[in-house]
Number of protein chains: 2
Amino acid sequence: MTPEAGRDRNAPVPRSADVARLAGVSRKTVSRVLNDEPYVSDEARRRVLAAADELGYRLNHAARALASGRTRSLGVVALGTAGYGTASLLVHIEHAVRDSGYALRVINTPDGAPEGIADALGSLLEQGVDGVIVSEPFVKGQVPLRVDVPVLFLGAPPSFTGSRTLTASLGTRELARAATEHLLELGHETVHHLAGPRKWYVTKDRIEGWRDALAARGAHEPPLLNGDWSAESGYAAGRALASDASVTAVFAAGDEMAIGLVHALREAGRRVPEDISVVGFDGQPVFAYVSPPLTTVRQPFEAAAREGVRVLVHAVEHPDAEPASAGEPPVELVVRGSSAPPPPGRRRSPLRTT
Amino acid sequence: MTPEAGRDRNAPVPRSADVARLAGVSRKTVSRVLNDEPYVSDEARRRVLAAADELGYRLNHAARALASGRTRSLGVVALGTAGYGTASLLVHIEHAVRDSGYALRVINTPDGAPEGIADALGSLLEQGVDGVIVSEPFVKGQVPLRVDVPVLFLGAPPSFTGSRTLTASLGTRELARAATEHLLELGHETVHHLAGPRKWYVTKDRIEGWRDALAARGAHEPPLLNGDWSAESGYAAGRALASDASVTAVFAAGDEMAIGLVHALREAGRRVPEDISVVGFDGQPVFAYVSPPLTTVRQPFEAAAREGVRVLVHAVEHPDAEPASAGEPPVELVVRGSSAPPPPGRRRSPLRTT
DNA sequence: TTGAAAGCGCTAACAG
DNA sequence: CTGTTAGCGCTTTCAA
C-alpha cells in the first residue's frame, strides 16, 4: 500500500483550479505549464509542478479536447482477423504513436471493405481523433465519407477522396520482387506464386512484384494459385501443385501458407528444397526452426510504422505545410533451407539469363 | 465521389443545436433521442433522426464526456512485445468491447512490471476511460496507483489495491494440467516442463497446472527448464535436454518454444514422438502443418475476452451492484502427431497409475 | 412529454 | 511574464 493508494477514498478528484490555488497562481498559468508553453517563470513552473504532484492532479483530456479542438489522439483502423502481419504492424504503430506523444484509439474491421472502413472511420471521428491510420486496406472502391483530419494509408494508395490523405509504403512490391529474384537466381526456369485473398491490397502488390521479377528475366508467367493466408489454404494449394512435375519453385505470399504448402508437397513425396523450392513472406522468427527452415522476406513493420506515424503527425501539427513523405523501408531477404537450385534436369540455362 | 464526400468543404461541422433547429425541437430533446432516453414522442424522435441524418451530424464525444462524466471508452493495458497469445487476446478484446458499445483505448507496456502498468493506467485514466482491462500482467508487486474506475485483471489476480478490481480466468492452469495429463496417460513416467519467463503471471499458472497433474499421478517432478516464449529459447532448451536419455515427454509453455525444442531434439538424433513426446501451449493453427504436427492445448481467448468484458461492463454500468463473476473458459486439448507413448523400455507400469 | 438554464474542466483571446 | 473573461458542445438539473 503506497501513500497515494491510501489517499482518502472520498476526496474529490483535484482540478486545475485546485492546483492553481495551492501554487498561488492563476488557472491559466497552470495550463501553460502543463502544455509546455513559453512565458512562464521557472519559479511559477516549479510551484505548479509541485502542487500538481502533491494533489495527484491529472488533466482532464475531455475538457482539453473540448476547449482546444484537439484531442492528441490518433485512431487506427486495423484488419483484425488476420495473423502475424497485421498484429505486428499494430504493435509497432502503437509504439510509434505513443513515442510521438499521442494516445491511440483502435478499431478492427474484420471486413476491410470500403463500408467497413467507412464505419470504423466514422466512429473514430466521433470519438475524437486528430488523425487516422488505415492499416492495409482492401483494394476495391472508395470510402464514402467526408473527413477533415489527415488520413494515412499504410501499404496502399488512398481509397478515399479526402483532401488530406497520405501514404506510407510497406515495401511489399520490392520484397515480392526480391523473393522471386532469389529463386530465379538459383537457376529456376520460372517461379509459381501462391497469392493471398485478391481483395487485399497487399495481395495485388505482391503479385506485381513477382511479375516484375519474372518479366525482368524473361521468364514465363505460370497461372496464379490462391490462398487465404492460412496454412490450411497453403496445404490445399500444395496438393494441387504436387502432381505437376514442371513446378520447381514457389513464392508464397505469407509464411503460414508456405508452411502448409511445404507440408503438402512432402506428403506427396516431393522433396523441399531438392525437388521444389519454397519462399515465404513475413519473416516470422519461428519458421527458422521447422524442417526445412523457411526462406522468406522480412516485412519492415517497425520502420514502416515509424515512418507512417511521423508523416501523419507532421500533417496533424502542420496543417498548412507541405506533407512530409515517408521513406522507403528496407528490403530484407532471409535465406534459409527451403530454397535451393532446381534439380539437375530442370536447371535454367545460364545463357538465357538477361 | 459520393454525395457526402462532395459536401461543401467549408461548411461548419453541425452541432446538436443545428439538429434541434432543423427538427424544430430543443437541444435537450435531441440529446434524449441520441441517448435513447424515454419520454420522447415517436414523432419527435423521427424528426430528430431525420435532421441528424440530413446534416451529417456526429456527436462530439469530448463534450459528452465532459458533461456526463462518462466516456463510453474502455482502456486496455497490453503486453505488446509478446507474440501470438497477447495479439490474439487483444483482437478478441477489441471485438467484445465494440460489441458492448464502448470504444477502446490501447496502451502497450513491453515491460509488464508494476511501474509500467502504473504508467499505462495513469495515462489511460487521464485520457478518460470508464474501465480498464489489464491483460496478462506480470506477477510481482503491487501497482502504486489510486484508481476510481473498475479494473479487470485478465489471467491474473489483482496486482493492485483498488476497491473495484475484477478478474477473469484464461483457464491457464487447467490447460496446463490437461496437457500434462495427456502425456501421463500415454504412459510416460513423468513430464518435463519448459516454462516461460518467470515474471509473467501465466508462467506461474502453467507451472502449477503441470505440478497438479504430476502430483495427482504421484509422478516425480523433474527440474524446470526455462525459456522466453521464443522458438530460439526452445531450441536452446532442447539442446540441453537431448543428451538426457531419461527424458521421454516435455510440456512446453508455448507453441513456438515447442517448435524450437522439437527442432533441437531431432537435430540431436532423438525422434519425436517415438523417443520423446512434445506438447505445446496456445493452439496456433499453423503448427498442424509442420512435422510432426504439434499436439497442444488451445487457449480460449475469445471466450475469456468476452467474459471479461461482460463482467467489466457490468461493473461500469452498475457501480453499486454485486460484481458479476466470469465463467470458466473451456479446456481444449488438440492431439496431433508430436505426442505418443514412450519407447517400450521406458513405459510406465500401469499398476503405478493412481 | 418537453424546454430553459446552468454548468462539466479546460484553453483561447486578450488585456495587463 | 501573468491574469481575466468567455466560451468549447454536450448533459444535467428542474420547472413547465
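Residue numbers begin at 1 in each chain, while the letters A, B, ... track the order of the sequences. Note that these values count all heavy atoms, side chains included, but never hydrogens, waters or copies made by symmetry.
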**Q.** A:H95 atom NE2: more than 12 heavy-atom contacts under 6.0 Å
**A.** no
Rounded to the nearest Å, what distance is computed from the [atom1] atom of residue [X] to the [atom2] atom of nucleotide [N]?
X     : N      : atom1 : atom2 : answer
B:D36 : C:dT1  : CG    : P     : 15 Å
A:H61 : C:dC8  : NE2   : C1'   : 16 Å
A:R72 : C:dT11 : CZ    : C1'   : 12 Å
A:R46 : D:dC1  : CZ    : P     : 16 Å

Q.
So if I define the base as every atom that isn't primed, P, OP1 or OP2, how would nucleotides 7-16 of chain D read as a B/S/- string at a heavy-atom cutoff under 4.0 Å?
A. BBBBBB----
Q) Using 4.0 Å as the upper bound for N to carboxylate O, is an ion pair formed by B:K28 and B:E37? A)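 Here B:E37 pairs with B:K28 in a salt bridge, since their nearest N and O are under 4.0 Å apart.
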(Q) salt bridge (Lys or Arg N to Asp or Glu O under 4.0 Å), that's the test. Do B:R15 and B:D18 meet it? Break it down for me. (A) CA-CA 5 Å; B:R15 307 298 172 203; B:D18 301 318; 5.7 Å; no
Q: Assign B:A44 to base, sugar-phosphate, or nothing according to its heavy-atom contacts below 4.0 angstrom with the strands shown.
A: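 Sugar-phosphate, backbone atoms only, no base.
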Q.
For the backbone of B:L74 and the side chain of B:D130, can you confirm whether one donor and one acceptor N or O come within less than 3.5 Å of each other?
A. no
Q) Is the side chain of B:R164 donor-acceptor paired with the backbone N or O of B:D148 at a distance under 3.5 Å, no angle test? A) yes
Q. Is the phosphate of D:dT2, meaning OP1 or OP2, less than 4.0 Å from a side-chain N or O of A:T29?
A. no
Q: Check A:V132, A:L121, A:V316, A:L312 against A:V149 for a side chain to side chain contact (heavy atoms under 4.5 Å, CB included) and give me the one that passes.
A: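 The side chain to side chain contact (heavy atoms under 4.5 Å, CB included) with A:V149 is passed solely by A:V132 among A:V132, A:L121, A:V316, A:L312.
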